[in-house]
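One structure is given here, and the rest of the page talks about it.
Residue numbers start from 1 in every chain, and the chains themselves are labelled A, B, ... in the order their sequence lines are given, proteins ahead of strands. Values in this document were obtained by computation on a predicted structure and should not be read as measured data.
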Number of protein chains: 2
Amino acid sequence: MVVVFLKKFIFVKKNTKMLINELAKRTGITAHTIRFYEKSGLIKGKRDETIKSNNYFHYDEETVEKLELIIDAKAIGYTINEISELIDAWYSNKFSKDEKLAFLDEKLVSLDQKIKDLKEMKKLISQYKEDVLDDKC
Amino acid sequence: MVVVFLKKFIFVKKNTKMLINELAKRTGITAHTIRFYEKSGLIKGKRDETIKSNNYFHYDEETVEKLELIIDAKAIGYTINEISELIDAWYSNKFSKDEKLAFLDEKLVSLDQKIKDLKEMKKLISQYKEDVLDDKC
DNA sequence: TACAACCAAAGAGTGTAGTCTATGGTTGTA
DNA sequence: TACAACCATAGACTACACTCTTTGGTTGTA
C-alpha cells in the first residue's frame, strides 16, 4: 500500500497513453475486470478527441496506482463501494486531513477486532483439539 | 464462542422439540435463513413420525449450538461450505481421531495466516496514516 | 367456527464481485 | 492484403449468501 503512494511522488509520469491491455499486464488484473472497475467508477480512462478512427480508452500512471490500491484494499476486505470512497479520499480533495485520518483509524479498529476474533477462534480450536485428544468427543 | 462448546458438556438437553420459530428466537437468525442453512446441510431437523397431521421439523439444543457456531464462524470469514465441513468434524463420527486433529490443525494454520495478513495490513495503514500526518499526500 | 399465527416447499429476486460470450470495428505486421 | 491481435459495448452467466413471495396446509385461541 505504502509502496503505491511512494510511487506517486517518485515516479515521473512516463506513460500517459496506456491502453487497457498494458494496464492489465502492469497490474495483473484482467482487462475484463478493469472494465468492470471502470464501469463501477473506480477508475476512469480518457478518450483522445483527436483520434477519430477509434474510441479506445487511454490510461495513465495514476490509474496503475489506483488499481494497485484496489488490489491491496480488496485484500484487507474493503468492498468495491468502500474502495470507491477510499479512492475519492485519496485522489480528490473532498476529504480533509482529519477525515482521512478518521477513515484510516476506523479501519484499524475493525482490523483489531478481526484479529481478536481470530485469536478467540484459535483458542477455541486448541481447546477442542485437547478434547479430541482426551477422547471427550 | 467458547460458551458454545462449554455448553456441549454442561447443558442438559432440556428441549429437544423446538420448532423453527423457537430456534429463530433463541439464535436471532430468521426462520428463512435457518431453512436456508438446513437446505445447505449445516443443520438437520427431525420429523416426528408419530405425528401424521403435519411434517414440522423439530430441533434440539445441539442445533442451537450449531447455529451459534455458524454465527461465530461467519464472523471470522468462513464460508458456508467451510462451516459445513467444520460442523462435520465437530459433530459427526465420519472422521477418525487423527482426521479430526488434522482438520483442526489445518484450521489453526489458516487462522495464523489470516492473523498475519491482518497484521500486515495494520502496519500498512499505520504507515499511511503517518504519511497523511506529514502531509505527504 | 373464525382467524391469526404458524409451518413447509419451491422458486424467484437481491447484492456483490466478477467472468465470459458475442458482435463488430481497429491496428500492426508479414 | 491477409490476418492475428487488439479494442469497446452489451448483456448473459456464475458463485455466494441470503431474502422474499407464493401456495397451501396446520395449530391455537377467542
With sequence neighbours left out, what residues match [X] under salt bridge (charged side-chain N to carboxylate O under 4.0 Å, His left out)?
{"X": "B:Lys122", "answer": "A:Asp112"}
{"X": "A:Lys129", "answer": "B:Asp105"}
{"X": "B:Lys97", "answer": "A:Asp135"}
{"X": "A:Lys119", "answer": "none"}

> Please, what dot-bracket string fits DNA chain C when only Watson-Crick and G-U pairs with both distances under 3.5 Å count, crossing ones use [ ] and pairs to another strand use |?
Replying inline: ||||||||||||||||||||||||||||||

> Is the phosphate of D:dC7, meaning OP1 or OP2, less than 4.0 Å from a side-chain N or O of A:Asn21?
Replying inline: yes

> Considering residues at least two apart in sequence or located in another chain, which fulfil the side chain to side chain donor-acceptor pair (under 3.5 Å) criterion with B:Gln113?
Replying inline: B:Asp117

> With B:Ser53, which residues qualify under side chain to side chain donor-acceptor pair (under 3.5 Å), at least two apart?
Replying inline: none

> Looking only at heavy atoms, what is the nearest atom pair of A:Ala31 and A:Ala24, with distance?
Replying inline: N-CB, 4.0 Å

> Residues two or more places apart in sequence or in another chain: which of them pass side chain to side chain contact (heavy atoms under 4.5 Å, CB included) with A:Asp88?
Replying inline: A:Ser92, A:Lys94, A:Phe95

> What residues form a side chain to side chain contact (heavy atoms under 4.5 Å, CB included) with B:Glu82, not counting sequence neighbours?
Replying inline: B:Tyr78, B:Thr79, B:Lys107

>> With the threshold set at under 4.0 Å for non-hydrogen atoms, list the residues of residues 28-47 of chain B touching DNA chain C in residue-number order.
In response: B:Arg35, B:Arg47

> Linking Ile, Leu, Val, Met, Phe, Trp and Tyr by side-chain heavy atoms under 4.5 Å, what else ends up with A:Tyr56?
Replying inline: A:Leu19

>> I'd like the 5' and 3' limits of the part of DNA chain C contacted by chain A, with heavy-atom contacts below 4.0 Å.
In response: C:dA17 to C:dT27

> Going from CG on B:Leu67 to CD1 on B:Ile43, what distance comes out if it is rounded to the nearest 0.5 angstrom?
Replying inline: 5.0 Å

What is the distance, rounded to the nearest whole Å, between atom [atom1] of [X] and atom [atom2] of [N]?
{"X": "B:Ile83", "N": "D:dA17", "atom1": "CD1", "atom2": "P", "value": "8 Å"}
{"X": "B:Tyr78", "N": "D:dA17", "atom1": "OH", "atom2": "C1'", "value": "18 Å"}
{"X": "A:Ile51", "N": "D:dA8", "atom1": "CD1", "atom2": "C1'", "value": "14 Å"}

> Nearest of D:dG25, D:dA8, D:dC18 to any side-chain atom of A:Ile20?
Replying inline: D:dA8

> In terms of the nearest nucleotide of DNA chain D, which residue is placed more toward the 5' end: A:Asn55 or B:Asn55?
Replying inline: A:Asn55

